[in-house]
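What follows is a single structure, written as structure tokens, with notes after it.
Residue numbers begin at 1 in each chain, while the letters A, B, ... track the order of the sequences. These figures come from a predicted structure and were not determined experimentally.
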Amino acid sequence: MEKDFFDRDPKIVARDLLGKKLVHEEHDGRVSGIIVETEAYYTKTDKASHTFYRPSALKFFLNNLPGTAYVYFTYGNHWMLNVLTKDGAVLFRALEPVEGIKKMKIRRKTSEIKKLSNGPGKLAQALGINGAHNGLHFAEKKIFVKETNLAPQIVEATRIGITRDSHKKLRFYIKGNEFVSKK
DNA sequence: TTCGTGATAGAG
DNA sequence: TCTATCACGAAG
């Protein structure tokens, strides 16, 4: 991953992340998957972004560098993994499991591969991501993104689970991939 | 479709 | 204190 990869417009980063590998390096081995679905959020101009209605989130975005993990807890159950970019962030929404599948199955309490990481909450659970990872920089290589030789076909769509600015096409996924959370 | 779950933030 | 809301997921 080239330096300054994350120091670009969130929409560009969201697209470029598709087909790359998201890795969580743990003491007992690595857990990873191909990124198949992402969403972009903008710090200042996006009403759907946490920065728009959560002062603490705005502070976090403004006080951390692109490439920093933004992990938050919601709906009483779920952790969400994002990475900061220039003027925004990208939410990791779905992965195609690659390494550590056995561990993912235990964490997710299912043996069905397709249900391991086909959604943002599921993905974080499968990878073992939680609040302890908030603020870690991807350059530290605990959580990070790795290049692949894939060149996926990308589909652009509206974001999921938001109300404000729901018409904006800031969701991206790999065409035809069976791990995408929704069509 | 409905409902659980808990942090955050603003109002009272 | 109280209440609304929420970048979700599982069950039915």
Name of the residue among Glu96(A), Glu99(A), Glu147(A) meeting side chain to side chain donor-acceptor pair (under 3.5 Å) with Lys21(A) = Glu99(A)

message = Taking side chain to side chain contact (heavy atoms under 4.5 Å, CB included) as the definition, give me every residue that meets it alongside Thr85(A), ordered by chain and number, with sequence neighbours left out.
response = Pro10(A), Val13(A), Val90(A)

remark   = Cluster membership besides Ile12(A), Ile/Leu/Val/Met/Phe/Trp/Tyr side chains within less than 4.5 angstrom, sorted by chain and number, is none

Less than 3.5 Å apart, which donor and acceptor atoms pair up between the side chains of residues 113-120 of chain A and the rest of the protein, not counting sequence neighbours?
unit_1, atom_1, unit_2, atom_2, d
Lys115(A), NZ, Glu112(A), OE2, 3.3
Ser117(A), OG, Leu95(A), O, 2.8
Asn118(A), OD1, Lys122(A), NZ, 3.0
Asn118(A), ND2, Lys114(A), O, 3.2

Tabulate protein N/O versus nucleotide N/O from nucleotides 7-11 of chain B, keeping only pairs under 3.5 Å, one per line.
unit_1, atom_1, unit_2, atom_2, d
dA9(B), OP1, Ser56(A), N, 3.1
dA9(B), OP1, Ser56(A), OG, 2.6

query = From dC6(C), dG4(B), dA7(C), pick the nucleotide closest to the side chain of Asn77(A)?
reply = dG4(B)

task = Determine, using the 4.5 Å side-chain heavy-atom cutoff (strictly less than), whether Val36(A) and Ile129(A) are members of one ILVMFWY cluster.
result = yes

key: d(CZ, Phe92(A); P, dC8(C)) in whole Å   = 16 Å

request  = State whether Phe172(A) and Arg159(A) meet the cation-pi test: NZ (Lys) or CZ (Arg) under 6.0 Å from the six-membered ring centroid, and within 45° of the perpendicular axis.
outcome  = no

note = Applying side chain to side chain contact (heavy atoms under 4.5 Å, CB included) to Gln125(A) and not counting sequence neighbours gives Arg108(A)

key: Base-paired stems in DNA chain C, each at least three Watson-Crick or G-U pairs under 3.5 Å   = B:1-4 with C:8-11, B:6-11 with C:1-6

key: His50(A) NE2 - dC6(C) P separation (whole Å)   = 10 Å

query = So, is Arg164(A) close to the dT5(C) phosphate, meaning a side-chain N or O under 4.0 Å from OP1 or OP2?
reply = no

ask   = Other than Leu58(A), which residues form its hydrophobic cluster under the rule that side-chain heavy atoms must be closer than 4.5 Å?
value = Leu62(A)

ask   = At under 4.0 Å, does any side-chain N or O of Thr163(A) touch on OP1 or OP2 of dC6(C)?
value = yes

Protein-nucleotide distance (Glu112(A), atom CD; dG9(C), atom P), rounded to Å = 15 Å

Nucleotides 10-12 of chain C: which of its N/O atoms have a protein N/O under 3.5 Å away?
unit_1, atom_1, unit_2, atom_2, d
dA10(C), OP1, Arg108(A), NH1, 3.1
dA10(C), OP1, Arg108(A), NH2, 3.1

query = In terms of side-chain heavy atoms, does Ser181(A) have a donor or acceptor partner in Arg93(A) at a distance below 3.5 Å?
reply = yes

key: Rounded distance (Å) that lies between atom P of dT5(C) and atom NZ of Lys47(A)   = 18 Å

ask   = With clusters built from Ile, Leu, Val, Met, Phe, Trp and Tyr whose side-chain heavy atoms come within less than 4.5 Å, directly or transitively, what are the remaining members of the cluster of Tyr75(A), listed by chain and number?
value = none

key: Short side-chain N/O contact to dG9(C) OP1/OP2 from His78(A), under 4.0 Å   = no

request  = Send over the distance from Ile162(A) CD1 to dA7(C) P, rounded to a whole Å.
outcome  = 8 Å

Using a cutoff of under 3.5 Å, can you pull out all pairs of nitrogen or oxygen atoms linking the protein to nucleotides 2-4 of chain C, with atom names and distances?
none

query = Which whole-number value in Å describes the distance from Lys182(A) NZ to dT1(B) C1'?
reply = 12 Å

key: Atom-pair distance (CG on Asp46(A); P on dA7(C)), nearest Å   = 11 Å

query = For Lys86(A), what residues pass the side chain to side chain contact (heavy atoms under 4.5 Å, CB included) criterion, not counting sequence neighbours?
reply = Asp7(A)

ask   = How about His50(A) and Tyr72(A): are their ring centroids closer than 6.0 Å?
value = yes

key: CD/Glu26(A): more than 12 non-hydrogen atoms of other groups inside 6.0 Å   = yes

inquiry  = Clusters formed by hydrophobic residues whose side-chain heavy atoms approach within less than 4.5 Å: which one holds Ile160(A), and what are its other members?
reply    = none

query = Leu81(A) has an atom CG; how far is it from atom C1' of dA7(C), in whole Å?
reply = 12 Å

